[in-house]
Structure formats: C-alpha cells, structure tokens
Student: 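To start, I am sharing the structure in question, which I have written as structure tokens.
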Amino acid sequence: MPQYRFASFAIALPLYRVFEYRIDEAAPVIAGTRYRLPFGQGTRSGILLEVSDHSDFDAAKIKVVRERIDLEPVLGGHMLALAKWMSEYYLQPPGDVLFQCLPGYLRGARAYQPLRVKRWRLLAADAEAISVLQRTSPRQFEICQALKCEPAGLTAVGLKRINPGWHPVVKALEGKHLIGWEWDDKPTPAVDAPVMPQLSAEQDAIVSAIEPRLQQFAVHLLDGITGSGKTEIFLRLIRSCLERGRQVIYLVPEIGLTNQLLERVRQRFGECFAISHSGLTEYQRFQAWDRFRRAEASIMLGTRSSLFSQCDDLGLIIIDEEHDHSYRQEDGVRYHARDVAIKRAQMLDIPIVLGSATPSLESIANCERSTFFRYRMDHRPTRFDPPSIQLIDVRNSRFDFGCAAQTFARIDAHLQDSGQVLVYLNRRGFAPIVMCHECNWQAQCRNCDARLTLHQSQQALLCHHCGYSEAVPEACPECGHGEIKHYGIGTEQLQQGLTQRYPDTPVLRVDRDVISSREALKSRLEQLQSGAPCILIGTQMIAKGHDYPAITLSVVLDADQALFSASYRASERLTQTLLQVCGRSGRGDRAGEAIVQTRFPEHPLMQALLRRSYRQIADELLQERRLLGFPPYARVVIFRSDAQELQQALSKLETIKTLLQQSPRFQQLSTIGPIPALMTRRIGRYRAQLSLLTTDHRLLRAVLASAMPAIQEIPSTPRASWNIDIDAYDL
Ligand SMILES: [Zn+2]
Ligand SMILES: [Zn+2]
C-alpha cells in the first residue's frame, strides 16, 4: 500500500478555488509542475501548488493523481508568487491566472521538454584511427573530416547536410569513441557593439542617471517627445544589463513591434534575442519562451503576454509606449501588463523603465511616489523638433473624400517639395454608413448594435466587431427603393480618391484589410525607405513606433468624433493619438508640419493642442480628474455580465449588487448600474455592467473582501456569464 500526501492543484477553470488530490508519498514533488488529474468523467491538467501531510477532507474520497506531465516545473517559484498576487489583486480565478502565465503551447497536456539539441564533436585527435577509416569506412571518415573543420561541432541538421543517412554512421563513430555529443544550450552571445551612435547630452544624462540604479527596484519613466531617442536609451541600458550576465524583457505594443525595431536590436546584439507576438504560431512562441528560459536568448522582445517569460536572472524590464491601450488584457483574465510588470520588478528588486511621448496619466501621477523617477526629453537628436499642430477650420469647407481644399493645398506643397505625406484616418473600409433615403433604413449588423461598413473591393457590408458580412443589397430591404447611398469616408475610399488626384505619386495604404502580416507591412513600408515622394494612408497601425525620416507632413482627417465622446478618457486618448500621429513628421533633416482638420477649432481641447505641450495638457487633465474624483485619483471596478437575453445579464448583476450591499460600507462607494453596456449587443450577446467608483482604495478593497467569497460562488455560465474588472479603463 503506497502512502499518500495531499497536493493542491490549480486547474484552468473560471472557479475561485484550488483542487486537492492524493499523491504518492515517495514521489518527488516540485511546485509548478503539471500533472494529469482525474476530473469528472475525464482528465484535466493541473499545476501543482503545495503538498501537505494532512487534509481537511475525508482522505478516502480524495482522488489520486494520474501522472506527472512535466519532468521539470513549467512555472518557477517567482512566477507562482506573481500569479498568486495577480489572482488576489485582480480577483481572478487562480487556475485561469496560472495557466495564462504559460505559453499557449503548454496549456494543454503536452509535456514540457526543453528544446535542446545535440551537438557532436570530434573527441580524440587520434589521427591514425581516423586515417584508417579512410580505407575501411569512407562515410565515417567523411563525417570525422567535417567535424575536424568545425571545432564548435555540428548539430543533426549540419550532419544531415554532409550525409543524408548520417544517423547509423554517427552511431558507429560514437561506439568507437571517436566522436561524442553534448546538449547544445550555450547562450547565444551578444555581438560586440558596433559603432554606437553618439548620445545627445540629454540622452547621456539619463543613461548616467539610471545606470547606477540598475541593481535595485525603481520605476524610471522616460517622458520624451516623439523622436527624442528613447529607444537608444533602452538599448544602452540593455547592454549594461547583459554585461552583468542578466536577462531583459522588452515589451512593445502589438503595433509597435516594427521591423525597424527588430533590425536595431539585431544590429546591436546579434541573434541573442527571442521574439514573441500574436503573428506567430503557438509553437514559435513556445520556442521563444524556452530559449529565454534556458538563457540561450538574453532578451525577450515581445508584446503583452511576453511579460510572463521566465528566466533565472531577470535584470531589467522595459515597457515602450507605456500608455498604449494594448497592454490591458480585456478578455479572459483581466490585467494591465504595465502594472503587473511593476509588481514583478518590485518582487525581484530590479528596475523597470517605461517610455512614452505621451505618458499615461496614471504614470505621471505615480511620479509623485518615491520609487518613480521621471526623465524629460525635450529635443530630437536630429535637427528639427516635432512640428506644432495647426488646425484647419473646415466648418464651411467642401470636401472631396474627406479632405478640405486647404488640406489639399498643404499636401500639394509637400509633394512638390519632394516630401512624404502621412494621412491618418482611423476607419477602414470604403464608407461607414449605408442607408436608404426614402425610408431611413440603415445597414446594421444582425449580431451587434453596430452599423455595417461598406467594403467596396469585397462588394460586401462588414461588421468590424464580429466579422459578420453580407452582400451589398441591390435595393432597400425595407421599402424596395432602388438607390442605396453611402456616407462617410474610410481608408479604402480615401486611397481611391487620392490615387485619382495624384496619379503620379504612389498612394500606399496600411490597415487591417490590406496588411495581414508583419511581412506584408514590411514590404509596404519599404517603399517609404527610398525617401521618394509618396502618400501613406493609415489607421492606428501607423500611428506610432515607425520612424520614416522623409515624412514631412502629417494630416489627421477626422478627430472631431472623440470631442463629444461620453468617455471621461476621450480627451486623454485623443491628445495622445494626435501627438503620436503628428510626431511621425519631420524626423529627418527637414522640418515637419502637422495639420488637423476640425469643425470645432474653438473646442477647448483643440485650443489646448495649439498652445500647450502634452505635459501641460496632461497636468490640466489630472487636475480635472482630481476634482471629479476619477482615476488615477480614484479606483474603478466593473462587474460585467453577458447573456443570451439582456434581462439575464441585468439580473446576474442585481444578484452581485445585493451581495455587495450586505457589506456595511458599500453605501460609501459610488455605484452606477446595473445598466446595459454602451454597445449592448455584441457578437450576439447582450451585455450589462455595474461600476463601483471611489477615491478610497482601502474602502473598496474592504467591501470586495467581505463580498467576494459569496459572489465567487455565483456560477458563470454560457447562458449568463459574469466577470470582474479591477482598475477598469472606462466607467
Ligand atoms: Zn428604403
Ligand atoms: Zn457584428
């Protein structure tokens, strides 16, 4: 009879609990290892958390683990601790959080084996034995000769190139002890520094200020205008870190991971980095995770979830474009990668460096805390600073495909002067509104509360929320009238119009309809590298990260919508976008210009953009937020529900509210809801929300601490699901 101990496991389920199993006492157990566990009628994989000699339950009723999946743990002790913190802070189910820290490839039942490869080397320089082979076994001799020329040895791939049937030959040589193999898991060395660009005085001062603090926790915020050379500072700090033999995680927003950045990192450090982003397969991302874990790669360069990469000696975390919205995970486990990264750095007592030309108000407000250092960069190392924004008053203008006459005049001038022009329009497709004039019918998505967008090249009406598409109707589906009209401008129509107007100038378009991969983006943007005059039309995809020195004019076509948004974040977001887009221009040896078309030039935000810097606008927005009691001076928690019927979603939230109300201090919080969400129906589901708002963080945590145990028992089902969003972005 084997003796048992009791082990707790995390299983990827939306349940707020861990699961107990019996495990053979003699078996070695390491936390962070996955096991196959009997669960219901089948099996599940679970991550081992803790082992104990006793259980509070009837031991006979506790099931025994099936088998161990991994030979070594997939999550180290630090990552288990970080996940525990995330689960407690964000109030997310522990199993979901832990599995989310793993690469997708390891979330099922595949065993983790480090992706090491064998490397064969010549063992003895027994020249005589080898020369004998020349007569007795020419094939063995050939392999020995090849290995002699490769002191570093050869992998299976290399051996196969010499002899496609290499395997038995190599086995025979191994038997004669002439050759042998070792695991090839040496770190890829960083290349010697090529000639590095001269740092500006500003850059140099910042590098010198941060370098002495690289050994301990601190948050460093690089608050530098667009094009001020933040990347160069990151690269210098990375080098300092690598020289100490430590590893670095470098996070960028999805659209910020440009080929330009990859090239710069490669030029500086060679191949000693791993890349991870959503354009890769699960297996490729796993390979990157594994290379970093084995320290074969010293730098992990990737998007949000790369934050959960593990290694033995992490020395620095960098978050570029820290204000970017894509660092928030908005589905599944909800968290903010920047905030989790700061926690991770604190736990490891290492520095974290945030960079942005338009820092989030959260980070600016945090700079009042002692662990935050803020560094300002007010100049570009090139000749010209970012252009100041000019407004084009289009109240009485006639438009051609969204552009006013004054706008064309500016584009004409820049093209004649051999400049490149960037036109920003954050709306893809041909036209956003399709309707009938006789009966006011509008093309709506059948799954969402959203209009369908006309995509002329596909001859279809598309929903940008759920992907639903239908053919363009020949006549009005309501009244049968034969003429259906479209309104508004999308990038597809803009490209068509500009191509007609400027037949001799290449008009490139970058949006999700034409760019399906990073490679496609690369080839499209290569045309810009030549520096020849051209027009680049794009959505968010081109708003940041790119550095094309020949762009001399940035044009923003449709900024007005955001001026009247219901979101308290709208001004912050609009300011950030406009400054980022305008900051693409004038980065080379010619001054840039930036224009924004608006029907509301007198609007306070438009006036502020004209007269004040981002920092001044941010300070004003912060004052406003403080007065109104909004984030970052307040905390927002949103309970959301989505269901087959609106009533089901609302009543789920009513149940949650009733439980919250049992906490005596609940009345001190501001609450909104339950109310239907702004877009009530999305992808066929009805959505509602209940928001809690307070400036008293402790009060909020106290209410949640007393109510959550009961709320966590409420089932989240496909019929009506619920979840909680801590530090929600909007209200
Ligand atoms: Zn009609
Ligand atoms: Zn839809």
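In each ligand, atom 1 is the first atom listed, and ligand 1 is the first ligand listed.
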Student: Sub-3.5 Å donor-acceptor pair from the side chain of Arg334 to the main-chain atoms of Glu330, do we have one?
Tutor: yes
Student: Mind checking whether the Zn ion (ligand 2) has an N, O or S of Cys466 under 2.8 Å?
Tutor: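 Given the 2.8 Å cut-off, Cys466 counts as a ligand of the Zn ion (ligand 2).
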Student: Nearest 10° is fine: what angle sits at the Zn ion (ligand 2) between SG from Cys448 and SG from Cys463?
Tutor: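 Nearest ten degrees: 120°.
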Student: Tell me whether Glu492 contacts the main-chain N or O of Gln456 through its side chain, where contact means a donor paired with an acceptor under 3.5 Å.
Tutor: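 Side chain of Glu492 to backbone of Gln456, a donor-acceptor pair under 3.5 Å: yes, one is there.
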Student: Could you grab the angle centred on the Zn ion (ligand 1), going from SG in Cys436 to SG in Cys479, to 10°?
Tutor: 110°
Student: Quick check: does His464 have an N/O/S atom under 2.8 Å of the Zn ion (ligand 2)?
Tutor: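 It does not; every qualifying atom lies at 2.8 Å or beyond.
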Student: If only atom types and distance count, is the side chain of Ser641 paired as donor or acceptor with the main-chain N or O of Ser721 below 3.5 Å?
Tutor: yes
Student: Which residue is it: Val394, Val596, Asp393? I am looking for the one with a side-chain contact (heavy atoms from CB on, under 4.5 Å) to Pro601.
Tutor: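 Exactly one pass, corresponding to Asp393.
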Student: Taking 2.8 Å as the cut-off, does His481 contribute an N, O or S atom near the Zn ion (ligand 1), distance below it?
Tutor: no
Student: Pair Leu494, Phe430 - check side-chain contact (heavy atoms from CB on, under 4.5 Å), show working.
Tutor: CA-CA 8 Å; Leu494 180 62; Phe430 194 84; over 6 Å; no
